[in-house]
Amino acid sequence: MLFQVGGQGTRPTFFEMAAAQQLPSSLRAALTYSFGVFALRRSFIHKILDYEDEFFSLLMLVLETHSLRTTDASFAESLYGLRRRGVNIRLKTSNAPKDSGEEIHHTGLQRRQKVLSVAFLVVLPYLKSKMQSIYNKEREATLQASLWGDNDDRFDDIDYVGGGNNPSFSRETSAIEASARARWMKRLQKAVFACYPWLHAGNEGLSFSYQLLYLLDATGFYSLGLHALGIHVCRATGQELMDTSSRISKIRSRERERLRGSPWLKALQGGLLTCGYAVLDYAQTGLIAAVFFFKMMEWWYQSAEERMSAPTVYPPPPPPPPPKVAKEGIPLPPDRTLCPLCMQQRANPSVMAVSGFVFCYTCIFKYASQYKRCPVTLMPATVDQIRRLFHDV
């Protein structure tokens with residue numbers, strides 16, 4: 001299963017390299033999400049999540065080892081049709097000054113480069129993840145200590161005496177060893193807490209520098225690890241893809257020929273090899289399908305949460321009905337521009353807030369001060385409910 005991305009020549013584009021680099025983290029998120037869903041029904045799966053770093057590193061160790069052995073590429077790079085090539089840089093000299101420079105020759109990966117590639121692809125990310133976890137725990141503990149004080153009681157100086165009897169020598173030895181291990185672990189955690197931010201900042205800075213130089217075509221190495229190993233990542237040709245298939249067939253044929261034992265044992269071993277080959281062959285397709293499934297579910301639940309949390313938009317309510325004119329109240333004049341109290345053109349028009357009818361400010365102020373009500377609807381009102389209108393300004 002290959003994802004072909006546009007580009008010319010054997011040099012991969014920056015987006016191919018970036019996509020291949022981000023694939024393992026997306027795969028880990030997809031597997032973690034899937035196990036988290038299954039753990040809701042099967043509680044024993046929580047044990048796998050407790051050792052998430054170890055299980056994922058073991059999975060990647062199998063995939064990366066198999067991929068480098070058969071395709072000379074990492075698991076993610078093989079999905080994009082990329083291959084790793086050793087770099088031999090030779091100084092090219094000529095009589096013409098313009099022809100002098102460096103000549104780059106690509107060779108196949110050596111065994112040492114494959115082993116170190118596995119270390120850079122699996123071991124270093126595992127150590128980084130553990131250091132990140134230790135740093136987060138120490139940071140949380142430091143924050144709690146700053147807020148609530150250091151209440152961590154240590155038992156380094158406590159004598160292990162029970163019931164008035166002296167403890168045995170083995171018990172004292174084990175207690176001392178446990179206390180020493182705890183002190184060393186605490187020192188190690190403190191050292192990681194102090195050094196990890198600088199290591200992380202340096203690693204991110206170097207990664208950014210190499211990626212920027214690669215994007216500007218100033219170097220052929222996408223990362224510091226590739227540079228240290230002397231490896232270029234190149235786009236595989238059609239002939240190389242065919243050679244890879246042929247190489248895998250030869251490797252598997254040799255492994256079947258090495259089987260020893262009785263016929264039934266050889267048949268059992270052959271069946272196990274066939275199952276292992278099938279799992280490795282379909283691992284790429286299955287894991288990439290898991291990534292897409294995770295992204296789809298993430299989008300689905302995120303959209304559902306947004307729909308649930310978004311405020312419901314209702315249509316504006318209809319305006320309230322106009323207040324009714326009381327039978328004992330002052331009748332309204334036919335001309336809406338006249339004041340109902342003085343029957344003249346309104347001067348300084350003002351509205352009675354409880355009813356909405358408009359009067360002259362002087363007229364409604366005197367009436368409300370004396371009768372404490374609206375003259376038209378006879379609703380209780382005070383002068384504080386008179387509002388000036390400025391529509392004529």
Do the side chains of [Y] and [X] get nearer than 4.5 Å, heavy atoms only?
{"X": "Pro340", "Y": "Pro331", "value": "no"}
{"X": "Phe75", "Y": "Pro24", "value": "no"}
{"X": "Asp72", "Y": "Arg85", "value": "yes"}
{"X": "Met131", "Y": "Tyr135", "value": "no"}
{"X": "Tyr196", "Y": "Lys128", "value": "yes"}
{"X": "Arg28", "Y": "Glu52", "value": "yes"}
{"X": "Val118", "Y": "Leu61", "value": "yes"}
{"X": "Glu54", "Y": "Tyr126", "value": "yes"}

Where do [X] and [Y] come nearest, in terms of heavy atoms and distance?
{"X": "Ala20", "Y": "Ala76", "value": "O-CB, 3.1 Å"}
{"X": "Leu338", "Y": "Pro333", "value": "O-CG, 3.8 Å"}
{"X": "Ser369", "Y": "Val383", "value": "OG-CG1, 3.2 Å"}
{"X": "Lys324", "Y": "Thr377", "value": "O-CG2, 3.3 Å"}
{"X": "Ser355", "Y": "Cys374", "value": "OG-SG, 3.2 Å"}
{"X": "Pro323", "Y": "Phe357", "value": "CG-CE1, 3.7 Å"}

Can you tell me how far [atom2] of [Y] sits from [atom1] of [X], rounded to the nearest 0.5 angstrom?
{"X": "Glu77", "Y": "Leu23", "atom1": "CD", "atom2": "CG", "value": "10.5 Å"}
{"X": "Thr219", "Y": "Leu212", "atom1": "OG1", "atom2": "CG", "value": "11.5 Å"}
{"X": "Leu116", "Y": "Lys114", "atom1": "CG", "atom2": "NZ", "value": "13.0 Å"}
{"X": "Tyr361", "Y": "Leu389", "atom1": "OH", "atom2": "CG", "value": "12.5 Å"}
{"X": "Gln345", "Y": "Asp335", "atom1": "CD", "atom2": "CG", "value": "6.0 Å"}
{"X": "Met60", "Y": "Ser74", "atom1": "CE", "atom2": "OG", "value": "8.0 Å"}

Counting neighbours of CD on Glu140 that are heavy atoms of other residues, nucleotides or ligands and sit closer than 6.0 Å, is the number greater than 12?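 Check fails, neighbour count at 12 or below.
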Check whether any side-chain N or O of [X] sits under 3.5 Å from a backbone N or O of [Y] as a donor-acceptor pair, and report yes or no.
{"X": "Arg139", "Y": "Phe193", "answer": "no"}
{"X": "Thr71", "Y": "Ser67", "answer": "yes"}
{"X": "Ser129", "Y": "Pro125", "answer": "no"}
{"X": "Gln113", "Y": "Leu229", "answer": "yes"}

Shared hydrophobic cluster for [X] and [Y] (ILVMFWY, side-chain gaps under 4.5 Å):
{"X": "Ile330", "Y": "Ile386", "result": "yes"}
{"X": "Met343", "Y": "Val376", "result": "no"}
{"X": "Met379", "Y": "Leu332", "result": "yes"}

Assign the ring pair Tyr214 / Tyr222 to parallel, tilted or perpendicular, where the plane angle (0 to 90°) is split at 30° and 60°. perpendicular
How about Gln132 and Asn136: does a side-chain donor come under 3.5 Å of a side-chain acceptor? yes
Taking atom types as modelled and ignoring hydrogens, do the side chains of Tyr80 and Arg235 form a donor-acceptor contact shorter than 3.5 angstrom? no
Between Trp184 and Arg187, does the side-chain contact (heavy atoms from CB on, under 4.5 Å) criterion hold? Intermediate values first, please. CA-CA 5 Å; Trp184 278 108; Arg187 291 175 183 176; 4.1 Å; yes
Can Glu16 and Arg11 be counted as an ion pair, charged N to O under 4.0 angstrom? no
Is it true that Arg84 and Glu64 have a side-chain N and a carboxylate O under 4.0 angstrom from each other? no
Run the side-chain contact (heavy atoms from CB on, under 4.5 Å) check on Leu341 and Tyr367 step by step: do they pass? CA-CA 9 Å; Leu341 291 173; Tyr367 188 91; 4.1 Å; yes
Exactly one of Cys342, Pro375, Pro349 should register a side chain to side chain contact (heavy atoms under 4.5 Å, CB included) with Phe359. Which one does? Pro375
What do the steps show when you test Leu82 against Met17 for side-chain contact (heavy atoms from CB on, under 4.5 Å), and what is the final call? CA-CA 9 Å; Leu82 305 178; Met17 297 298 296; 4.1 Å; yes
Assess whether side-chain contact (heavy atoms from CB on, under 4.5 Å) is satisfied between Gln189 and Lys137, documenting all intermediate values. CA-CA 9 Å; Gln189 292 173 0; Lys137 291 180 180 179; over 6 Å; no
